[in-house]
Asks: 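Here's a structure for you.
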Amino acid sequence: MKYHSEAGFFDIDEFREIVFESACTLARLPMQRPNGYGSGWPDYLPDFSTAYGYEEASFKPDPPTGRAIDRLDDVLAVIARRPDDGRLAMAVAISAQRSGQPRARGPQWKKIARRFNIHPDTLKTRFEAAVERLAVLWYK
């Protein structure tokens, strides 16, 4: 692929960052809804006090760039070749996102471990092994 480091060798940490970036790209893509669901009325502020900014501000993340979408497509092609490893790696990477932005504390290891019915330390070990196996496919 074309995303290797400048030194000419491949780094597993780079691939791990690419997986986390692809999860961020997935979170920033617009939601898909069936046509016909929605209101024809314009949006309005539900309360008079919200017009003055008395509450916490929320923001919508920018849409992903074309380069990020291309990288996401490449990562999804690698994941399609090893679906079990890809499912584990993307579950961890998606849990590290919050509204399209990285979480300050990283992935939610305990929550994902419950979903996979394993211990969090085992999950971390399996995640590292899955990333290494996917990185070998990425490099080829």
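Hydrogens, waters and symmetry mates play no part in the numbers below; they use all other heavy atoms, side chains included.
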Asks: Roughly how far, to the nearest 0.5 Å, is the CH2 atom of Trp138 from the CD1 atom of Ile79?
Replies: 9.5 Å
Asks: For residues 104-133, which residue pairs qualify under salt bridge (charged side-chain N to carboxylate O under 4.0 Å, His left out), counting only residues two or more places apart or in two chains?
Replies: Arg16-Glu128, Asp85-Arg133
Asks: From Leu72 CG over to Ile18 CD1, what is the distance, rounded to the nearest 0.5 angstrom?
Replies: 12.0 Å
Asks: For Arg81, does the CZ atom have more than 12 heavy-atom neighbours from other residues, nucleotides or ligands under 6.0 Å away?
Replies: no
Asks: Using the test ring pair (Phe, Tyr, Trp, His ring centres under 6.0 Å), find all partners of Phe20 that sit at least two apart in sequence or belong to another chain.
Replies: none
Asks: Restricting to side chain to side chain contact (heavy atoms under 4.5 Å, CB included), what partner residues turn up for Thr125, sequence neighbours left out?
Replies: none
Asks: Quick one: does any side-chain atom of Arg28 pair with a main-chain N or O of Asp62 as donor and acceptor, under 3.5 Å?
Replies: yes
Asks: Just wondering, do Asp74 and Val78 contact through their side chains at under 4.5 Å, heavy atoms?
Replies: no
Asks: Kindly compute the distance separating CD (Gln108) from CZ (Arg103), expressed to the nearest 0.5 Å.
Replies: 4.0 Å
Asks: Give me each pair satisfying ring pair (Phe, Tyr, Trp, His ring centres under 6.0 Å) with a member in residues 111-133, each pair once, sequence neighbours excluded.
Replies: Trp109-Phe127
Asks: Go through the steps to decide whether Asp84 and Leu88 satisfy the test side-chain contact (heavy atoms from CB on, under 4.5 Å), and finish with yes or no.
Replies: CA-CA 6 Å; Asp84 292 338; Leu88 179 72; over 6 Å; no
Asks: Sequence neighbours left out, what pairs pass side chain to side chain donor-acceptor pair (under 3.5 Å) with at least one residue falling in residues 17-27?
Replies: Glu21-Arg71
Asks: In Å and rounded to the nearest 0.5 Å, what is the CG to CG distance from Leu123 to Asn117?
Replies: 11.5 Å
Asks: Mind listing the closest non-hydrogen atom pair of Ala89 and Val19 along with its distance?
Replies: O-CG1, 4.1 Å
Asks: Can you name the nearest heavy-atom pair linking Ala91 to Ile112, along with the distance?
Replies: O-CD1, 3.6 Å
